[in-house]
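Shown next, in structure tokens, is the structure this report addresses.
This one's a predicted model, so the numbers in the text were calculated from it and none came from an experiment.
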Amino acid sequence: MDQAADPLSDCTAEIVRLTGLRVQSGNRARLESHVHARLQRLGLHRPEELLQRLRPGSDSAAEERRLLAELLTTGETFFMRDRGQMQLLQGHLLPRLIEERRGERRLAIWSSACSTGEETYSLAILLHALLPDRHDWDLRLIGSDVNASALERARAGVYGEWSLRGSDAAFRQRHFTRHGWQWRLREPIRRMARFTRQDLLQADLVAADPNLSGLDLILCRNFLIYLAPPAVAAVVERLTACLRDGGLLLFGHAELGAHRPAGLRAEMYPQSVVYRKAPPLPSHPASLAPSPSSGRSSGPRSGRSPGQSSSRHPMHAPTGTRDQSRSRPASAAPSRLPPSGPLQPVSGRTRTAQPREPLQSAWVDANAGRHARALQTCRRLVEREPTQAEAHLLIGLVALELGRNHEARAALRKAIYLEPDSIAAHVHLEALQRQSAEPLAARRTRARLRQLLSHLPPDSPVPLLGDTRVLDLQARLSQFDAEPCPTT
């Protein structure tokens with residue numbers, strides 16, 4: 001759209017700043033219609049007058065934000081959405097939380113931005129099976145959304161075929177009864193959840209609802225993609241404040257992009273990244289890379305059966321000795337989706353041999369949060385030998401950790417130039433491109449990743465990506481292609 005002829009060109013950026021919501025290119029016409037309709041309804045004359053109603057301290061700010069949130073986001077959801085994450089919840093996360101809380105017999109779970117409740121009730125279905133003695137527990141399962149009409153539908157617990165797509169007849173018969181042409185949740189499931197209206201962009205969620213404190217698990221999936229970067233950081237901080245120490249936070253795939261949540265430690269599983277709120281371990285701080293002398297195992301490449309978890313899941317694993325790097329990586333992997341492990345040429349090309357000690361030392365420094373020292377070591381390495389692809393990769397990851405996206409992008413591109421077959425560098429670059437709203441560039445990088453993956457057996461673990469299988473990574477790439485690309 002020609003901005004000179006666009007009456008909203010001067011206020012769209014202010015709407016983004018005041019609401020935290022991205023204005024995607026496909027929504028600009030809808031936003032213009034909304035603004036004109038609100039001006040007419042309220043008897044106002046200029047968009048700037050509507051902006052005044054959005055400013056902090058205005059009695060109308062909450063209502064105007066709610067209307068814009070309903071306009072600029074979609075309530076797309078269905079039962080058991082993202083089978084991988086649901087399997088992770090069913091097979092590992094929920095059972096672990098139940099065991100952790102069995103002494104107190106208290107469990108509190110929040111499905112935020114739940115729209116019409118399919119996600120919340122999916123959790124209820126899992127808990128119904130996993131917690132047969134749930135009536136003896138203080139069980140809080142909360143669903144929330146900013147859209148009041150969506151919450152009314154959630155409370156009714158009646159859904160059409162579209163909400164049940166992908167589910168089989170046995171699932172429907174077990175958890176639903178026919179209600180005309182729709183399906184009604186069985187009462188034991190429906191009664192497990194309660195719904196409340198919440199605006200995730202407000203300043204203090206706990207003050208708005210004390211039940212949102214000390215939570216064991218929060219799901220916030222497919223919401224951050226609608227937010228501008230400052231709002232993403234603010235929402236993650238507010239959600240973290242609602243967790244108890246040791247509580248878990250689960251986002252949609254790669255929603256955080258280049259954001260590095262403070263106060264959360266990433267745990268990587270084949271199906272997804274999970275963030276745990278816990279004080280840093282004394283010997284293993286929240287990490288860019290694990291120390292080769294980690295206490296729980298003999299090293300980052302020690303054997304661990306698929307699905308077995310570690311309390312420490314790094315964003316990126318360092319390369320050890322050449323003999324070590326040829327062995328299969330452990331399930332610990334980086335917090336980005338998909339994960340990356342130690343950099344190693346996939347094609348078998350050789351590169352200039354360099355002493356491992358300085359680069360290993362840089363990984364250890366990055367692991368301990370000594371970012372300046374890690375960067376200094378890597379920069380000295382590339383000054384002496386500019387073809388050190390792994391040093392460029394580590395510079396990129398540390399820059400991402402520090403929020404220096406421009407520097408990260410340049411370093412990742414250098415790593416790819418030097419190692420065109422590096423899946424790890426491509427994965428991090430693609431995530432950065434997607435977070436920066438560069439859909440064409442991200443799509444090109446995904447195409448290159450698919451090309452690299454096409455040479456590997458579909459059911460085999462992806463080299464350097466922990467236990468993630470080739471077909472799982474390919475499915476995620478396809479999912480990213482199908483998701484909306486946020487733009488301002």
Between the side chain of Arg450 and the main-chain N/O of Leu477, is any donor-acceptor distance below 3.5 Å?
yes
Please check this pair: side chain of Lys277 against backbone of Leu243, looking for a donor-acceptor N/O pair closer than 3.5 Å.
yes
Taking the side chain as every heavy atom from C-beta outward, state whether Leu71 and Arg30 have any pair of such atoms under 4.5 Å apart.
yes
Could you check whether Arg165 makes a cation-pi contact with Trp162, meaning its NZ or CZ is under 6.0 Å from the centre of the six-membered ring and within 45° of the ring axis?
yes
Answer yes or no: is there a side-chain heavy-atom contact under 4.5 Å between Asp421 and Arg448?
yes
Option among Thr73, Leu72, Val232 that satisfies the side chain to side chain contact (heavy atoms under 4.5 Å, CB included) test with Tyr226
Thr73
Point-to-point distance, once rounded to the nearest 0.5 Å, from CG of Leu93 to CD of Gln90:
11.5 Å
I'd like to know whether Glu118 forms a side-chain hydrogen bond (donor to acceptor under 3.5 Å, both in side chains) with Thr116, so could you lay out the CA-CA distance, the side-chain angles of the two residues, the decisive distance to 0.1 Å, and finally the verdict.
CA-CA 6 Å; Glu118 287 90 332; Thr116 46; 2.6 Å; yes
Val273 vs Tyr275, side chain to side chain contact (heavy atoms under 4.5 Å, CB included): CA-CA, chis, key distance, verdict
CA-CA 7 Å; Val273 173; Tyr275 293 90; 3.6 Å; yes
Crowding at CZ, Arg106 (>12 non-hydrogen neighbours, <6.0 Å)
no
Salt bridge between Arg221 and Glu119, side-chain N to carboxylate O under 4.0 Å?
yes
Using the salt bridge (charged side-chain N to carboxylate O under 4.0 Å, His left out) rule, take Arg105 and Asp133 through it: C-alpha gap first, then chi angles, then the decisive distance, then the call.
CA-CA 10 Å; Arg105 304 184 82 78; Asp133 60 341; 2.6 Å; yes
Ring centres of Phe79 and Phe176 under 6.0 Å apart?
yes
Beyond-backbone contact of Val16 with Leu21, side-chain heavy atoms, under 4.5 angstrom
no
What distance do Gln198 atom CD and Cys242 atom SG have between them, rounded to the nearest 0.5 Å?
8.5 Å
Counting heavy atoms not belonging to His406, are there more than 12 under 6.0 Å from its NE2?
no
Taking the side chain as every heavy atom from C-beta outward, state whether Leu217 and Leu89 have any pair of such atoms under 4.5 Å apart.
yes
Short question: side chain of Arg153, backbone of Val158 - any donor-acceptor pair under 3.5 Å?
no
More than 12 heavy atoms from other groups under 6.0 Å of CZ on Arg155:
yes
Ion pair Arg101/Asp138, N-O distance below 4.0 Å
no
Minimum side-chain heavy-atom gap His128-Pro188 below 4.5 Å:
yes
For Trp110, run the side chain to side chain contact (heavy atoms under 4.5 Å, CB included) check against Leu249, Leu205, Asp209, Leu123 and tell me which one passes.
Leu205
Does any non-hydrogen side-chain atom of Thr196 lie less than 4.5 Å from one of Leu212?
no
Are Val427 and Thr445 close enough that some pair of their side-chain heavy atoms sits under 4.5 Å apart?
no
State the OH-CD distance between Tyr269 and Gln85, to the nearest 0.5 angstrom.
12.5 Å
Near Glu161 CD, under 6.0 Å, is it more than 12 heavy atoms from other residues, nucleotides or ligands?
yes
Please round to the nearest 0.5 Å and tell me the distance separating atom CD of Gln451 and atom NE2 of His426.
9.0 Å
Show the numbers, then the answer: is there a salt bridge (charged side-chain N to carboxylate O under 4.0 Å, His left out) between Arg409 and Glu438?
CA-CA 12 Å; Arg409 184 192 306 272; Glu438 302 173 60; 2.7 Å; yes
Does a side-chain N-to-carboxylate-O contact under 4.0 Å join Glu70 and Arg66?
yes
Identified side chain to side chain contact (heavy atoms under 4.5 Å, CB included) partner of Leu94 from the options Leu131, Asp216, Leu127:
Leu127
Shortest non-hydrogen separation from Ile416 to Leu429 and the atoms involved
CD1-CD2, 3.7 Å
For the aromatic rings, using the six-membered ring if either is Trp, is the centroid distance between Tyr159 and Phe78 under 6.0 Å?
no
In terms of side-chain geometry, is the basic nitrogen of Glu100 or Arg244 positioned less than 4.0 Å from the acidic oxygen of its partner?
yes
Rounded at 0.5 Å granularity, tell me how far CD1 in Ile218 sits from CZ in Arg238.
13.0 Å
Under 3.5 Å, side chain of Ser422 to main-chain N/O of Ala425, donor-acceptor pair present?
yes
Carboxylate-amine/guanidinium contact Glu99 Arg96, below 4.0 Å:
no
The single option from Val235, Leu18, Val146 that satisfies side chain to side chain contact (heavy atoms under 4.5 Å, CB included) with Leu201 is Val235
Side-chain touch Arg446/Arg434, heavy atoms, less than 4.5 angstrom:
yes
Spell out, as yes or no, whether a donor-acceptor pair under 3.5 Å connects the side chain of Arg22 to the backbone of Leu227.
yes
Output, in order, the C-alpha distance, side-chain angles, deciding distance and verdict of side chain to side chain contact (heavy atoms under 4.5 Å, CB included) for Leu440 and Gln433.
CA-CA 9 Å; Leu440 295 180; Gln433 290 167 334; over 6 Å; no
Tell me whether Asp199 is salt-bridged to Arg65, with the criterion being a basic N under 4.0 Å from an acidic carboxylate O.
yes
Could you tell me whether a side-chain N or O of Ser122 sits under 3.5 Å from a main-chain N or O of Met80, the two making a donor and an acceptor?
yes
To the nearest 0.5 Å, what is the distance between CE (Met192) and CD (Glu187)?
13.0 Å
